Trainee: 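Below you will find the structure I want to go over with you.
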There are 2 protein chains.
Amino acid sequence: MALGTRRELRRRETVEEILAIAIDVMADDGVAGLSLSEVARRLGIKPPSLYKYFPSRLALYDRLFADGQQRYLEVFRGGAAGADPGLPALIAAVEAGGRWAMDNQALTQLLFWRPIPGFEPSAEAFAPSVAMLDEVRRMLADAARLGQLGPGAAAEEGVALFSILVAGMFSQQLANGPHESFADGRFTRLAPQIFAMFRQHYPPTEGSDDRRHPHRAAQPSPSR
Amino acid sequence: MALGTRRELRRRETVEEILAIAIDVMADDGVAGLSLSEVARRLGIKPPSLYKYFPSRLALYDRLFADGQQRYLEVFRGGAAGADPGLPALIAAVEAGGRWAMDNQALTQLLFWRPIPGFEPSAEAFAPSVAMLDEVRRMLADAARLGQLGPGAAAEEGVALFSILVAGMFSQQLANGPHESFADGRFTRLAPQIFAMFRQHYPPTEGSDDRRHPHRAAQPSPSR
DNA sequence: GTCTATAGCCTGATAGAC
DNA sequence: GTCTATCAGGCTATAGAC
């Protein structure tokens, strides 16, 4: 359903407009300060008309959460795409995600914190978040397989520790330097040290297939 | 001024009551959902009466921020008090702070995040936060002096990295497991690993006065 | 899909009586 | 320091005309 008839195309455009305005309103008035009346005002319609597109304020939050999570996931994957597999891909992905987070602070707060009591994202809206975690786990497993990290990095504890590092970096930067860029931020610019810490905590095991640092444990790598 | 006449004592008590109720309201309705009317309702007075104690809603936030920061600092120092100086004191302090954070989530959000657009804590309210940072820096310097950590740990970068670790642990736990305790939380229970990571990143230098681990062998210095 | 009208709340803040 | 009265709005949401 919802094929590309002109009517439905127009409807989609309006929904996208509403979402973009809602993000602006959150940027101005805080995530919790999102109001349907203000969105309607900026869109040039009356508040009741919004109910043709979203059945309630919480439904709007849910859609914002779902779309934000989805966009973050895409940016994350896009960041990984250009880099070598394993740790380099993961680092590139986190950096791309960090730039997006600094450019989309209201959405990031909605995704990473819990600023709206009474709002629980629906399972559907939460799906990209689960995919995100899998993505990280997969990249950590790649890194372990490639001998860039020890095997523990891809276990539950490793994934949790990694998420703490990333969340801490984003949180501190958003709270204490929201106007600084990812590259220059007092906290986000420490990303390389953060990754170094993680690597030191899960160092590659001795005999692993480390194609990235072949000089370390000089072994003739058998050609396959 | 403000000596202990009966009148002023009573006034202080009322102010304390208002602050306690305000914290409850934030716990129920979110940090941004704090309303003077609701506070008045729960206190059993009419909203205008509140203005005898606080000149505005933002002033109430400022006082909540100042008191919260102060209490957190006291808990932090109290946690350090019982432990050996240096790293053990720092670890005990962070753990005490973490337990307090889980028990005072609304206040923690006000202190660590920026949920209220338009609210900037006054310099006065911010003072304990500065003292807090000094406290951490001092403890890291102690740890370096005692040979528990390398000297870089107490430099600006080390303090920032440490704050990222702590903020990440708190943030992830508050956002993803607010009902779990500090000891059992999926993220906060990883505190020992977090500290281990930090120590690995700033390992004690060779000839330092390491009274705590005199047996330890040389470690490679962090890559950089 | 837009509107008007309205219900039924809510808010922060001030003036001024007591 | 408490109150009433009031200003001057704000909000989500629904009913129903067009």
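Letters A, B, ... are given to chains in the order of the sequence lines, protein chains preceding strands, and every chain is numbered from 1. Note that the structure is a prediction, hence the values are computed from the model and not measured.
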Trainee: Describe, in one word, how the ring planes of F170(A) and F112(A) are oriented to each other, choosing from parallel (under 30°), tilted (30 to 60°) and perpendicular (over 60°).
Mentor: tilted

Trainee: Kindly point out which of dC3(C), dA13(C), dT12(D) is positioned nearest to the side chain of K46(A)?
Mentor: dC3(C)

Trainee: Applying a 4.0 Å non-hydrogen cut-off, can you work out what S56(B) is touching in the nucleic acid: base, sugar-phosphate, or nothing?
Mentor: sugar-phosphate

Trainee: Check whether any side-chain nitrogen or oxygen of R11(B) sits under 4.0 Å from OP1 or OP2 of dG1(D), and answer yes or no.
Mentor: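 For dG1(D), OP1 or OP2 has a side-chain N or O of R11(B) closer than 4.0 Å.
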
Trainee: Please state how far atom CD1 in I116(A) lies from atom C1' in dC11(D), giving the value in whole angstrom units.
Mentor: 15 Å

Trainee: I need the CG-C1' distance between L43(B) and dC3(D), as an integer number of Å.
Mentor: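 Distance, rounded to whole Å: 14 Å.
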
Trainee: Check the distance between dA17(C)'s C1' and K52(B)'s NZ and give it to me in whole angstrom.
Mentor: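 It is 12 Å, rounded to the nearest whole Å.
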
Trainee: Rounded to whole angstrom units, what separation is found between the CZ atom of R7(A) and the C1' atom of dT2(C)?
Mentor: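 My rounded result for the distance is 14 Å.
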
Trainee: Look at the side chain of Y53(B) and decide which nucleotide, out of dG1(D), dA5(D), dT12(D), has an atom nearest to it.
Mentor: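 Closest of the options to the side chain of Y53(B): dG1(D).
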
Trainee: In the structure I gave you, are the side-chain heavy atoms of I164(B) and Q173(A) within less than 4.5 Å of one another anywhere?
Mentor: no

Trainee: Do the side chains of S163(A) and Q172(B) get nearer than 4.5 Å, heavy atoms only?
Mentor: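 Touching, per the 4.5 Å side-chain cut-off.
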
Trainee: Roughly how many Å is it from CZ in R57(A) to C1' in dC9(C), rounded to a whole number?
Mentor: 15 Å

Trainee: Which residue, S49(B) or Y51(A), contacts DNA chain D at a nucleotide closer to its 5' end, judged by nearest heavy atom?
Mentor: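 The residue whose closest nucleotide sits nearer the 5' end is S49(B).
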
Trainee: Would you please confirm or rule out a distance under 4.0 Å between OP1 or OP2 of dT12(D) and any side-chain N or O of S37(A)?
Mentor: yes

Trainee: Salt bridge or not for R42(B) and E38(B), using N-O below 4.0 Å?
Mentor: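 Between E38(B) and R42(B) there is a salt bridge, with a charged N closer than 4.0 Å to a carboxylate O.
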
Trainee: Would you kindly give the CD1-to-P distance between I45(B) and dG1(D), to the nearest whole Å?
Mentor: 11 Å

Trainee: So does R77(B) pair up with E74(B), basic N to acidic O under 4.0 Å?
Mentor: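 No.
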
Trainee: Could you tell me how far apart F54(A) (CZ) and dT2(C) (C1') are, to the nearest whole angstrom?
Mentor: 17 Å

Trainee: P48(B) has a side chain; which of dA13(D), dA5(D), dT11(C) sits nearest to it?
Mentor: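 Ranking dA13(D), dA5(D), dT11(C) by closest atom to the P48(B) side chain puts dA5(D) first.
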
Trainee: If you only use heavy atoms from C-beta on, which nucleotide in dT11(C), dA13(C), dG1(C) is closest to the side chain of E38(B)?
Mentor: dT11(C)

Trainee: For R41(B), report the nucleic acid contact type (base, sugar-phosphate, nothing); a contact means any heavy atom under 4.0 Å.
Mentor: sugar-phosphate

Trainee: Distance check needed: dG10(D) P versus L36(A) CG, whole Å only.
Mentor: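 Taking CG of L36(A) and P of dG10(D), I get 15 Å after rounding.
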
